[in-house]
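Each chain gets a letter, A, B and so on, in the order its sequence line appears, and its residues count up from 1.
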Amino acid sequence: MKIPLIYNIRSLLRRPATSLATALSIAFVVLTFVGMLALANGFQAALVETGREDNVLVMRKGADSEISSSITREQASILRGYPEFAKLPDGRPIATADVYVVVAKPRVNGTETHMPVRGVSPEAVAVRDEVKITAGRMFEPGRGEVIVGRGMVGRMRDTAIGDKLRFGQQDFTVVGHFEAGGGAFESEVWGDAESMMAVFRGPVYQSMTLRLQDASQFDAVKARIDGDPRLSFDVKRESQFFADQSNLLSNVLKFIAFFVTTIMAIGAVFGAINTMDAMVSGRGREIALLQTLGFRPRSVLVSFLIEAVFLAFVGGLFGCLLSLPINGIQTSTTNWQSFGELTFAFRITPQILLQGLAFAVVMGFLGGLLPAWRASRQVVATALRKV
Amino acid sequence: MTRGTLIRANLKRRLRRTVLTVLGLGVALFLFVTLKTFLHTLTTLGDVGSETRLIISNKLGIVFDLPLAYRARLSTMQGVDKVSYATWFGATYQEPGSGFFANFAIDPDTYFALYPEIVLTPEEKQAFMADRTGAIVGVRLMERFGWKLGQTVPLRGTIYPGEHRFTIRGVYHAGKKGFDQTSMMFHHRYVEELVRASGGGSTAGWYILNLTDPQTAPGIASAIDGLYENSSSPTRSQTEKAFNLNFVGLYGNIGFFLNAIGMAVVFAILLVAANTMAMSARERFGEIAILKTLGFTDAAVLRLVVAEAVVICGLGLVVGLGGALIAFNVVQFDMGGFIPGLSVTPGIALVAIAIALVIATISSLVPAWQSARLQVVEALRFVA
């Protein structure tokens with residue numbers, strides 16, 4: 001026979017301070033857990049959601065990032081001639097050959113980081129149609145103009161419309177801001193490739209992105225590029241390339257999240273054991289009474305376990321609630337794989353919240369197990385004698 | 001019966017609770033000290049940088065090179081007594097990503113004179129100088145990959161395509177605490193030849209200058225930057241210390257997050273500890289009533305409660321701070337080179353001690369207040 005849940009809830013309410021303190025300590029563990037996973041997740045999401053399945057990105061063979069790659073004009077024009085790539089109505093291939101560099105620039109708070117700067121072909125907005133101008137206008141090639149991604153605006157100096165950004169020996173005027181569906185391009189400054197070649201590394205591109213007529217042609221195109229003796233390229237889907245760039249840092253962040261919260265959880269479980277222990281020893285008479293009424297030891301065990309899990313669950317729920325305001329807060333850090341600054345937002349998903357709650361339930365279970373077992377093994381006569 | 005026996009008896013009566021509380025405090029303090037130490041290590045990367053060495057890099061950022069031709073001009077600068085240069089190589093060992101480590105090319109004829117921190121035996125140094133594809137490797141990096149002296153290691157090029165094979169001719173140790181021991185260095189000429197083969201000009205990633213007088217650093221730095229301001233490769237000259245600090249800035253608000261987590265940890269342990277103390281006190285209403293009946297004053301009862309809290313927090317401190325000191329300062333645990341070597345500073349240890357004291361105080365406040373307020377008659381009724 002089961003002991004009604006209301007008995008447990010009333011028991012917890014009878015010791016409000018103790019119950020609250022235990023639930024709060026679990027809430028803090030869950031808050032930390034959710035917060036740190038939301039950070040890792042937000043960072044990963046910004047990169048995973050960048051790029052399209054049906055875009056192909058090529059870099060020089062062996063280059064692990066755009067920074068270390070180089071592609072010549074000749075190679076770029078060979079690739080543009082491939083018939084597999086989609087064309088604009090006027091016959092130009094939907095392709096962009098990009099100059100990509102990271103430039104030392106100050107954040108608004110004065111600390112320095114590396115601002116990613118991308119010089120693109122005129123067709124770039126067709127290749128990456130997620131890019132939309134949100135303020136001002138598109139840059140005009142050759143006029144010393146750039147547009148700044150939404151993620152950089154207000155975080156880096158000189159990014160307002162009309163401001164001047166100095167690259168090398170030339171000033172570039174910011175003429176517009178753009179968004180790119182929350183992806184990594186939003187953390188970049190875009191200008192035209194020729195101007196960027198002139199101020200940075202000379203006549204060489206770093207990567208090329210081309211639109212397939214059909215996403216399923218990827219393997220065939222990759223095989224053809226691999227077999228082309230004039231080209232020595234690594235070929236990836238654009239979406240895959242950016243997703244891969246998140247691996248290093250998001251793994252580190254997740255590792256830290258689990259390391260920190262595991263240690264915190266050990267402390268919280270110890271606290272829960274203490275609380276439940278006190279609950280059990282303070283209720284010797286009640287337990288004896290329950291047993292005398294005919295409840296089996298197993299029912300007592302389950303009842304106390306449920307009490308502990310319930311308390312932890314409430315704590316977990318509260319921790320999840322506390323964590324919600326974190327969602328959407330913008331932050332930025334250097335992505336060591338691209339070497340550029342990346343702005344992203346904390347992202348809490350239902351999955352992370354469920355993980356947090358599951359974590360809380362496990363803590364409650366572990367904390368309640370031993371005391372509940374002791375409660376169930378209590379000898380009725382001894383307990384009643386205490387009375 | 002002395003007060004000491006009373007405290008000991010109280011702690012022992014619920015031994016499991018005492019042990020759990022101590023361990024709970026211990027793990028939380030350990031975590032707090034670890035986070036703070038990690039943060040401290042990140043923000044003081046610059047401290048191992050010298051103030052008599054100037055680093056000259058491209059003003060555009062560290063991924064841009066400088067012409068090797070700057071070398072001659074830099075060595076004639078007033079107040080500069082030694083010049084060397086190096087170039088980031090960025091190759092990986094085995095897998096990209098997990099095989100990442102610092103590897104760069106140096107000019108062996110001049111580099112060692114500028115970096116007395118790099119300790120090599122004369123034989124090893126000579127063997128390295130004589131081998132064009134030789135390399136020297138930091139002792140921690142050797143341990144990480146399990147390399148042996150004399151072994152040839154293949155690296156995958158990222159910036160410089162293809163496979164590169166280097167023979168380990170020397171294993172260096174740090175001559176100064178905190179100096180990096182996780183890098184691989186090889187001949188700058190090796191890189192120059194690669195660049196020349198692909199039709200590029202001779203470049204250096206950065207120059208290192210030794211100054212005769214550190215006081216002259218700002219003047220010399222601005223003189224050099226002025227010299228190249230309008231060239232195609234403008235420079236940025238900083239002391240090594242300032243240069244290193246730039247890397248700290250790249251982490252953004254990581255420090256803020258670590259601090260926030262540290263505060264959450266402290267708050268959570270505070271709750272747990274205060275709760276335990278309150279529970280113990282509540283269970284002992286009867287006893288306290290008896291003590292008061294026996295003539296114990298409120299102050300005496302307070303001393304008992306506080307002493308118990310101090311013992312518990314003190315033991316927790318021993319577990320947490322002691323554990324961290326053993327892990328980082330004695331065993332020098334660094335996750336196999338994954339994180340920089342951590343060392344708990346006296347300042348962080350003091351903060352941990354202060355936190356333990358605060359927790360002891362706050363957690364004994366409630367029981368002390370309750371027992372002071374306690375009406376003996378009422379409390380004795382509790383016993384029944």
Side-chain angles (χ1 to χ4, degrees), chain A residues 15 17-18 21-22 24-29 31-32 35-36 39 60-65 67-68 101-105 107 111-115 167-169 199-201 232 247-248 251 260 263-264 266-271 273-275 277-278 281-282 331-334 336-337 339 341 370, chain B residues 14 16-17 19-21 23-28 30-31 34-35 57-64 90 92 96-97 100 156-162 230-232 234 236 246 248-254 256-257 260-261 264-265 267-269 271-276 278-280 282-283 366:
Chain A
R15 292 178 164 220
T18 303
T22 310
L24 270 183
S25 68
I26 287 173
F28 274 99
V29 177
L31 170 67
T32 312
M36 293 181 73
L39 178 74
R60 202 212 49 232
K61 216 169 203 41
D64 57 348
S65 67
I67 283 296
S68 51
V101 292
V102 297
V103 183
K105 288 284 175 196
R107 296 192 182 99
T111 57
E112 191 184 271
T113 189
H114 289 103
M115 177 191 262
F167 300 140
Q169 302 298 338
V199 291
F200 294 121
R201 290 164 145 184
S232 175
N247 292 346
L248 180 67
N251 283 344
V260 168
I263 295 186
M264 272 182 92
I266 293 173
V269 166
F270 289 166
I273 296 178
N274 275 339
T275 307
D277 248 350
S281 51
T331 185
S332 63
T333 189
T334 296
W336 294 102
Q337 274 170 295
F339 224 79
E341 180 89 344
L370 200 63
Chain B
R14 293 208 178 273
R16 177 153 54 147
R17 175 184 298 171
V19 169
L20 286 176
T21 310
L23 288 181
L25 280 170
V27 288
F30 174 82
L31 185 58
T34 305
L35 289 174
S57 57
N58 193 307
K59 192 180 175 186
L60 282 171
I62 52 172
V63 301
F64 295 92
T92 61
F100 174 85
R156 265 184 82 240
T158 57
I159 306 167
Y160 303 91
N230 295 313
S231 74
S232 60
R236 181 168 179 202
N246 288 337
V248 177
L250 296 183
Y251 288 101
N253 353 6
I254 294 266
F256 171 77
F257 295 129
I261 295 166
V265 173
F267 201 76
I269 40 174
L271 279 172
V272 173
N275 187 24
T276 314
M279 280 193 307
S280 308
R282 204 173 312 127
E283 282 174 7
V366 177

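Proximity to chain B (any heavy atom under 4.5 Å) is restricted, for A/Met36, to the side chain, taken from C-beta onward. For B/Leu35, the part sitting under 4.5 Å from any heavy atom of chain A is the side chain, from C-beta outward, and nothing else. For A/Thr275, the parts sitting under 4.5 Å from any heavy atom of chain B are the backbone and the side chain alike. Residue contact with chain B, scored on non-hydrogen atoms closer than 4.5 Å, involves the side chain of A/Thr32 exclusively. Residue B/Asn230 touches chain A through both its backbone and its side chain, counting heavy-atom pairs closer than 4.5 Å. Residue B/Phe256: no heavy atom, backbone or side chain, is found under 4.5 Å from chain A.
The closest side-chain heavy-atom distance from A/Phe28 to B/Leu271 is below 4.5 Å. With a 4.5 Å cut-off on side-chain heavy atoms, B/Val63 and A/Phe339 count as touching.
Among A/Leu31, A/Ile67, A/Val102, the residue making the largest number of heavy-atom pairs under 4.5 Å with chain B is A/Val102. Between chain B and the options A/Val199, A/Val101, A/Thr111, A/Asn247, heavy-atom pairs under 4.5 Å are most frequent for A/Val101. If you tally non-hydrogen atom pairs under 4.5 Å between each of A/Val260, A/Ile273, A/Ile266 and chain B, the highest count goes to A/Val260. Most heavy-atom pairs under 4.5 Å with chain B: of the set A/Val103, A/Thr113, A/Asn274, this distinction falls to A/Asn274. No other option in B/Gly26, B/Gly24, B/Pro234, B/Ala28 has as many heavy-atom pairs under 4.5 Å with chain A as B/Gly24.
Between the side chain of A/Gln169 and the main chain of B/Ser232, no donor-acceptor pair closer than 3.5 Å is present. Proximity of a side-chain donor or acceptor of A/Arg60 to a complementary backbone N or O of B/Thr158 within less than 3.5 Å is detected.
Smallest separation of non-hydrogen atoms from B/Ala268 and A/Ser25: O-CB, 4.0 Å. What you find for B/Ile159 and A/Ser68 is that their closest heavy atoms are CG1-CB, 3.6 Å. Residues B/Arg236 and A/Ala104 come closest through the heavy atom pair NH1-CB, 4.2 Å.
Note on A/Asp277 versus B/Arg17: no salt bridge recorded, every NZ/NE/NH1/NH2 to OD/OE distance being 4.0 Å or above.
Distance check: B/Leu60 CG to A/Phe167 CZ gives 9.0 Å after rounding to the nearest 0.5 Å.
No donor-acceptor contact under 3.5 angstrom links the side chains of A/Asp64 and B/Thr92, judged on distance only.
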Side chain to side chain contact (heavy atoms under 4.5 Å, CB included) between B/Thr21 and A/Phe270, worked out: CA-CA 7 Å; B/Thr21 310; A/Phe270 289 166; over 6 Å; no

